Amino acid sequence: MSANIADKVFEKVSEQVPEDVTDAVTEAANDQVQILVSYTWPIEDFLYDWHVRVTWIALSTLFVLWGLCWVIRHVLNANDSEYFDSVQKHPDANAVAAEAGNATATVNAAGVDPAATAAGTTAEPSNAVITRKLQNTPPWLQQTMTRMDRCHDLMRDLLLMLLTVLVINTFARGSTSAAMIIAWIFVIFAIIFMLVETVFKNAIVRLTYTLIFYALSLAILGLAWFYGF
């Protein structure tokens, strides 16, 4: 009985209040409800979303590719910085040997006693070690080492970029489907340009993919701040 009376009172009040005022109050209430829902959305529910799961699968794929480059780089011994620098500067082992010979001749002409120099250290001169390594390394393997080192550096930087923006997007409970699409575009471009780096080295190509990956990362970051927090 009391419920019927309350309904009748509400109907009478609604008839006296203008319709535009009622719509404005309803819209404001809906906005407040949406704000409360957005701020009370647990991060667990965000992580259970299928799009978020597929987004992190994209990052896992990029991690596997980086790990593969890292392992191959160590197998080829391309991680030796001194050795790698010599390969870059002197692709020909004979050039390194000639440089080492010129350095020895310069030291002798300056009146430095080689025996006194050798007495001060027990390690073999680095240029002699590099010379012997390069003489025992075929040219194709030298080029492979150089390319694998470039691929490793590229994949490491891209992994760090994508990890950073995805962590921010996840903690912000930001975008789901859009972030997933951009993340997979990021991975596809990473595979393409990784293959490009193994073929040739070009400054324009590097600038191009740098701008592409930076723009994709900023897009995910912008979505995180727009829809999250």
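This is a predicted model, so every value here is computed, not measured. Scope of the values below: all heavy atoms of this structure, side chains included, with no hydrogens, waters or symmetry mates.
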Item to check | Worked verdict on D153 versus R156 for salt bridge (Lys or Arg N to Asp or Glu O under 4.0 Å) | outcome: CA-CA 5 Å; D153 292 342; R156 178 194 59 202; 3.4 Å; yes
Item to check | Test log, rule side-chain contact (heavy atoms from CB on, under 4.5 Å), inputs T170 and W56 | outcome: CA-CA 10 Å; T170 300; W56 283 97; 3.2 Å; yes
Next on the checklist: Between S175 and N169, does the side-chain contact (heavy atoms from CB on, under 4.5 Å) criterion hold? Intermediate values first, please.
Outcome noted: CA-CA 7 Å; S175 176; N169 183 72; 4.0 Å; yes
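Put simply, the side chain of I182 does not reach to within 4.5 Å of the side chain of V165, judged on heavy atoms. Side chains of L158 and W66 form no contact here, defined as non-hydrogen atoms less than 4.5 Å apart. Looking at heavy atoms from C-beta onward, R150 lies out of side-chain contact with M194 at the 4.5 angstrom threshold. Contact of the F186 side chain with the I220 side chain is not registered, since no non-hydrogen atoms from C-beta on lie closer than 4.5 Å. Looking at heavy atoms from C-beta onward, M155 lies out of side-chain contact with W70 at the 4.5 angstrom threshold.
Listed by chain and number, the hydrophobic cluster partners of L207 are L211, where partners are ILVMFWY side chains within reach of under 4.5 Å, directly or through others. The hydrophobic cluster containing V64, built from Ile/Leu/Val/Met/Phe/Trp/Tyr side-chain heavy atoms closer than 4.5 Å, comprises no other residue.
With values rounded to the nearest 0.5 angstrom, W50 atom CH2 is found 9.0 Å from T55 atom OG1. The CG atom of L65 sits 10.5 Å away from the SG atom of C151 when rounded to the nearest 0.5 Å. Annotation: the span from D49 atom CG to D45 atom CG amounts to 9.5 Å, rounded to 0.5 Å.
Between A172 and A224, the closest heavy-atom pair is CB-O, 3.8 Å.
In terms of the ring-ring contact (aromatic ring centres under 6.0 Å, His included) criterion, residue partners of W225 (sequence neighbours excluded) are, by chain and number, F229. For F171, there are no ring-ring contact (aromatic ring centres under 6.0 Å, His included) partners, not counting sequence neighbours. Residues that satisfy the salt bridge (charged side-chain N to carboxylate O under 4.0 Å, His left out) test with R53, not counting sequence neighbours, are absent from this structure. In this structure T61 satisfies the side chain to side chain contact (heavy atoms under 4.5 Å, CB included) test together with I57, W184, V187, sequence neighbours excluded.
Between Y209 and F189, the distance separating the two ring centers is not shorter than 6.0 angstrom.
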